[in-house]
Amino acid sequence: MTEEKIAVVTGSSSGIGLLTTVELARNGYRVVATMRDLGRSGKLEEAAQKAGVRDRLDLRRVDITEFDSLPGAVEAIVRDHGRIDLLVNNAGFSSAGFVEDTQLHELRHQMETNFFGNVAMTKAALPVMREQRSGHIVQVTSVAGRAAAPMLSSYAASKFALEGWSEALRIEVHSLGIRVVLVEPGSYDTDIWERNLVIGKQALDPSSPNKERSQRFAEFVRSQANKRRDPGEIARLIARVANDPNPRLRYLIGPDARMQTWLRALTPWRIYERIVARATKID
Ligand SMILES: NC(=O)c1ccc[n+]([C@@H]2O[C@H](COP(=O)([O-])OP(=O)(O)OC[C@H]3O[C@@H](n4cnc5c(N)ncnc54)[C@H](OP(=O)(O)O)[C@@H]3O)[C@@H](O)[C@H]2O)c1
């Protein structure tokens with residue numbers, strides 16, 4: 001009998017994390033679905049029930065910014081399930097505002113979640129994967145980890161950092177049988193655009209010199225809402241990557257993500273930056 005595969009997903013209460021949890025369970029994984037507030041598990045439980053996989057989930061509370069608690073949380077998972085075959089570092093949020101309007105503590109908060117939180121979760125999982133001589137680590141980064149947009153400097157910084165860190169890690173652990181993968185979505189319809197969007201306090205202040213530009217950018221973002229895609233696409237991609245013994249380093253997903261990276265690679269920088277400034281209406 002083959003051993004049951006164990007997956008751990010962060011940020012399972014919503015969006016990509018929720019759908020990935022259900023998709024992995026459908027693919028035969030036992031999924032440790034973690035979230036920072038177990039009071040928000042209702043949507044996941046409902047979706048899992050509907051898909052007939054509720055009994056494949058183990059719900060646990062994990063806030064990825066509570067760094068000191070993470071090794072203990074991962075040890076408890078290994079104690080109860082015996083192993084970890086897949087870690088999906090999905091939890092994250094987006095912080096918006098012009099650099100001039102962003103305070104250092106706001107940038108730090110963004111980095112603590114999107115970068116240090118994912119780093120700490122990964123470091124907690126590495127010992128068991130090293131011992132097993134196997135394991136996949138999927139980092140849900142973003143096209144913003146390849147090409148930065150104005151107003152999203154903090155978010156881009158956190159994703160660029162995670163991409164660079166993960167590139168190095170991938171090479172370090174390949175010979176141990178551990179595979180590190182970057183999944184880089186474009187725009188998908190989740191709570192990241194509203195409920196979990198953090199707008200810098202100063203950006204909203206009427207005295208901000210960027211007030212009008214911020215408003216125009218916000219209108220641009222709203223105008224794109226109906227173009228956002230079904231995040232189920234990402235969940236299916238992650239399940240596919242998880243089952244691939246030799247996955248690539250990067251998986252860009254979404255036509256907008258492909259278009260943006262293609263433009264950035266092929267267009268001279270001076271032209272590219274004009275296109276971005278005009279498209280996002282900040283000039
Ligand atoms: N949607 C997109 O267009 C898009 C594009 C590129 C990349 N991404 C990336 O995809 C990932 C998932 O985002 P999403 O789009 O699915 O947005 P979402 O619906 O807002 O989900 C974000 C998840 O992260 C959780 N979370 C936030 N901070 C956390 C913390 N400190 N500890 C534990 N969990 C935390 C949230 O928990 P709560 O439910 O408690 O808030 C939620 O479960 C993020 O890393 C994001 O950067 C999304």
Side-chain angles (χ1 to χ4, degrees), residues 8-23 32-45 47 59-70 73-74 87-96 108-122 124 137-149 152 154-163 166 181-198 221 224-235 237-238 250-258 260-261:
V8 178
V9 180
T10 64
S12 284
S13 54
S14 170
I16 297 165
L18 185 156
L19 294 169
T20 300
T21 298
V22 174
E23 188 63 26
V32 182
T34 72
M35 58 193 74
R36 60 181 165 179
D37 176 5
L38 283 171
R40 291 188 32 76
S41 68
K43 269 193 188 167
L44 171 64
E45 295 194 69
L59 270 55
R60 298 190 182 207
R61 184 187 170 277
V62 172
D63 182 324
I64 62 166
T65 59
E66 291 173 5
F67 307 126
D68 293 344
S69 73
L70 302 181
V74 170
L87 169 64
V88 182
N89 278 317
N90 160 79
F93 75 96
S94 172
S95 181
R108 258 195 208 114
H109 178 42
Q110 177 78 99
M111 296 298 288
E112 298 238 316
T113 305
N114 291 12
F115 179 60
F116 288 109
N118 290 320
V119 164
M121 261 319 273
T122 304
I137 299 168
V138 173
Q139 314 281 29
V140 181
T141 72
S142 169
V143 64
R146 303 268 293 271
L152 294 171
S154 303
Y155 184 67
S158 70
K159 297 294 188 181
F160 267 67
L162 189 59
E163 294 239 341
S166 302
V181 175
L182 300 166
V183 168
E184 304 165 317
S187 300
Y188 283 83
D189 190 16
T190 71
D191 285 1
I192 202 168
W193 299 97
E194 303 220 354
R195 181 178 66 85
N196 276 332
L197 177 67
V198 176
V221 171
Q224 301 299 302
N226 61 355
K227 295 188 187 149
R228 288 178 205 140
R229 294 171 71 88
D230 168 16
E233 285 178 9
I234 306 169
L237 170 66
I238 292 174
R250 289 198 158 81
Y251 292 83
L252 200 60
I253 177 164
D256 56 336
R258 277 193 290 276
Q260 202 180 339
T261 40

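We count ligands from 1, going down the list as the structure has it; atoms in each ligand are counted the same way. Residue numbers run from 1 in the order of the sequence given.
- Of the possible donor and acceptor atoms, none in the side chain of Ser158 sits under 3.5 Å from a partner among the backbone N and O of Phe115.
- Residues that satisfy the ring pair (Phe, Tyr, Trp, His ring centres under 6.0 Å) test with Phe116, not counting sequence neighbours, are absent from this structure.
- When only modelled atom types and interatomic distance are considered, Ser13 and Asp37 share no side-chain donor-acceptor pair under 3.5 Å.
- For ligand 1, the 4.0 Å heavy-atom shell takes in Gly11, Ser13, Ser14, Gly15, Ile16, Arg36, Arg40, Val62, Asp63, Ile64, Thr65, Asn90, Ala91, Gly92, Thr113, Val140, Thr141, Ser142, Tyr155, Lys159, Pro185, Gly186, Ser187, Tyr188, Thr190, Asp191, Ile192, Trp193, Arg195, Asn196, ordered by chain and residue number.
- A heavy-atom distance below 4.5 Å is not found between the side chains of Met121 and Thr34.
- Between Glu184 and Arg250, at least one side-chain nitrogen of the basic residue sits less than 4.0 Å from a carboxylate oxygen of the acidic one, meeting the salt-bridge criterion.
- The only option from Asp68, Leu70, Asp63 that meets the side-chain contact (heavy atoms from CB on, under 4.5 Å) definition with Glu66 turns out to be Asp63.
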